[in-house]
A.B. asks: 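First the structure, then my questions, so here it is.
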Amino acid sequence: MRLNEVVYSDAKPVEGYGPGFFRIGGEVFEGPMIAGTSGVSAWQGFDDHAPLLALAGKIDILFIGTGAEIAHIPADLRSTLEDAGIGVDVMSSPAAARTYNVLLSEGRRIALAMIPV
């Protein structure tokens, strides 16, 4: 079996998470956040559409982590993102982090917005 080292391009992987925080690229971020090739930034949650819409044309899909459990996102958020050409995949934050890391290692055009567990 041949093993290859995973190399991430511009974006940094999610290395861990816990109650109220995420560890990304060796740094700890508290509260909801957005991660992608432009770095990591704070996010105000489901009512904060602007930073997500800024990703239009830069990504193909946005993973939205809804916390410890999967939940529906507001319908207006989903329709606004899809109208801007951003694919949306909603899952629990742990699942979103894992999926983001796998696709990031493949060089895919993705971003991640997560609510802490």
A.B. asks: Give a yes or no on whether the backbone of Pro51 and the side-chain of Trp43 come within a donor-acceptor separation of less than 3.5 Å.
C.D. replies: no
A.B. asks: Are Val40 and Met114 joined in one hydrophobic group, where the rule is that I, L, V, M, F, W and Y side chains link up if heavy atoms are under 4.5 Å apart?
C.D. replies: yes
A.B. asks: So which atom in Tyr100 and which in Ala11 form the shortest heavy-atom distance, rounded to 0.1 Å?
C.D. replies: OH-CB, 3.7 Å
A.B. asks: Using side-chain heavy atoms (C-beta onward) and a distance below 4.5 Å, is Ile110 in contact with Leu62?
C.D. replies: no
A.B. asks: Does a sphere of radius 6.0 Å around CD in Glu30 hold more than 12 heavy atoms from other residues, nucleotides or ligands, not counting ones at 6.0 Å or beyond?
C.D. replies: no
A.B. asks: Not counting sequence neighbours, which residues clear salt bridge (charged side-chain N to carboxylate O under 4.0 Å, His left out) with Glu82? List them please.
C.D. replies: Arg78
A.B. asks: For the atom pair CE (Met33) and CG (Leu112), what is the distance rounded to the nearest 0.5 Å?
C.D. replies: 5.0 Å
A.B. asks: Are Val14 and Val90 connected in the hydrophobic side-chain network, where two residues link if heavy atoms are under 4.5 Å apart?
C.D. replies: no
A.B. asks: Considering residues at least two apart in sequence or located in another chain, which fulfil the side-chain hydrogen bond (donor to acceptor under 3.5 Å, both in side chains) criterion with Arg108?
C.D. replies: none
A.B. asks: Are the side chain of Thr99 and the backbone of Ala96 linked by a donor-acceptor contact shorter than 3.5 Å?
C.D. replies: no
A.B. asks: Do other residues, nucleotides or ligands put more than 12 heavy atoms under 6.0 Å from the CG atom of Asp47?
C.D. replies: no
A.B. asks: Judged by atom type as modelled, is there a donor-acceptor pair below 3.5 Å linking the side chain of Ser93 to the main-chain atoms of Ile115?
C.D. replies: yes
A.B. asks: So which atom in Pro116 and which in Gly20 form the shortest heavy-atom distance, rounded to 0.1 Å?
C.D. replies: CB-CA, 3.5 Å
A.B. asks: Please list every donor-acceptor pair under 3.5 Å in which a side-chain atom of residues 66-77 meets a protein atom from a residue at least two apart or in another chain.
C.D. replies:
residue: Thr66; atom: OG1; partner: Glu69; partner atom: O; Å: 2.8
residue: Thr66; atom: OG1; partner: Ala71; partner atom: N; Å: 3.1
residue: Thr66; atom: OG1; partner: Met91; partner atom: O; Å: 3.4

A.B. asks: What is the distance from atom CG of Leu103 to atom CG of Asp89, rounded to the nearest 0.5 Å?
C.D. replies: 9.5 Å
A.B. asks: Hey, quick one: are Tyr17 and Phe63 part of the same hydrophobic cluster, counting side-chain heavy atoms closer than 4.5 Å, chains of contacts allowed?
C.D. replies: yes
A.B. asks: Looking at NZ of Lys58 and CZ of Arg109, how far apart are the two atoms once the value is rounded to the nearest 0.5 Å?
C.D. replies: 10.5 Å
A.B. asks: Kindly work out whether a path of hydrophobic side-chain contacts (I/L/V/M/F/W/Y, heavy atoms less than 4.5 Å apart) joins Leu52 to Phe22.
C.D. replies: no
A.B. asks: Taking Val117 as the starting point, is it possible to reach Val28 by hopping between hydrophobic residues whose side chains are less than 4.5 Å apart?
C.D. replies: no
A.B. asks: Nearest 0.5 angstrom please: Leu81 CG to Ile61 CD1, how far?
C.D. replies: 11.5 Å
